[in-house]
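The structure under discussion appears below in the form of structure tokens.
Just so you know, ligand 1 is whichever comes first in the structure, and atom 1 is the first atom listed for that ligand. What's counted below: heavy atoms across the whole structure, side chains too, no hydrogens, waters or symmetry copies.
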Amino acid sequence: MSLEIIPIFCNEKNMANYAYIIHEPSLSLTLVIDAAEANPLFAALDRLQLKPDYILTTHHHFDHVGGNLSLKKRFGAKIIAPEKEFSHVPGADIAVSETQPLNLKGLEIKVIDAPGHTAGHILYHLPEAQKLFTGDVLFNLCIGGLFEGTPTQMFNSLQKVKRLPDNTEIFPGHEYTRACLPPQIKETPEFTAYLNKMRQRENGQLAPATLAEEKMFNPYLRAETLADFINEP
Ligand code: ZN
Ligand code: FE
């Protein structure tokens, strides 16, 4: 396996979304996670000369599905969507949930039900490559807002994430790191390295944080109990 991940910054609506192109040459497999906007994805896919086989949607919000219909029309890509939000995802073809792991042309993808931001939000976990696509559940240094869920649901969703291997790389649905920086920055070597990754991402490079880093620095993952979690500002 020689999985490539290309982050595509989508900012037509000033929402700093990420779409991700995943390419596995040994399987002739190309995926898009959260086709936020069609134009930047078309440009990148043309440049890379790739045609997506599948589009994987984490949740139904407009800023995560804006390119679904255009990409489906142009490439014939099948759209994979959370079972609970199937009817709200434009172009949805295949419903998935935690009980139905995916195998796409030989690539194993585990679906993790993670309600909180929306009722049916799912995460996509690539266990072999140790990558986790977290949509609007987990961001760098923060989490998504509770639009359709309770704090308890969100806390439980985050506990599932925390049980994955520490070296899992985190690919969130937005670049919000800078807005989530704490007022006082501790200049430890670990946090300096973490900030360097933020700057690399801001320059369009692939520089994911690890789960270990989020557990260290993200206050919502540091919270060990529901009470601590609810007390986070
Ligand atoms: Zn959202
Ligand atoms: Fe979003």
Chi angles and distances behind the side chain to side chain donor-acceptor pair (under 3.5 Å) call for Asp136, His121: CA-CA 8 Å; Asp136 284 1; His121 198 301; 5.5 Å; no
Side-chain donor-acceptor contact under 3.5 Å, His88 with His59: no
Shortest non-hydrogen contact from Leu27 toward Gly106: CD1-C, 3.9 Å
Aromatic contact, His61 with Phe147 (centres under 6.0 Å): yes
Salt-bridge criterion met for Lys105 and Asp53 (N-O under 4.0 Å): yes
Pair Lys51 + Asp46, salt bridge at N-O below 4.0 Å: no
Salt bridge present between Lys215 and Asp166 (N-O < 4.0 angstrom): yes
Number of protein N, O or S atoms [distance to the Zn ion (ligand 1) under 2.8 Å]: 4
Pair His174 + Phe139: ring centers closer than 6.0 Å: yes
Aromatic centroids of Tyr194 and Phe217 separated by under 6.0 Å: yes
Distance criterion under 2.8 Å: protein N/O/S atoms around the Fe ion (ligand 2): 4
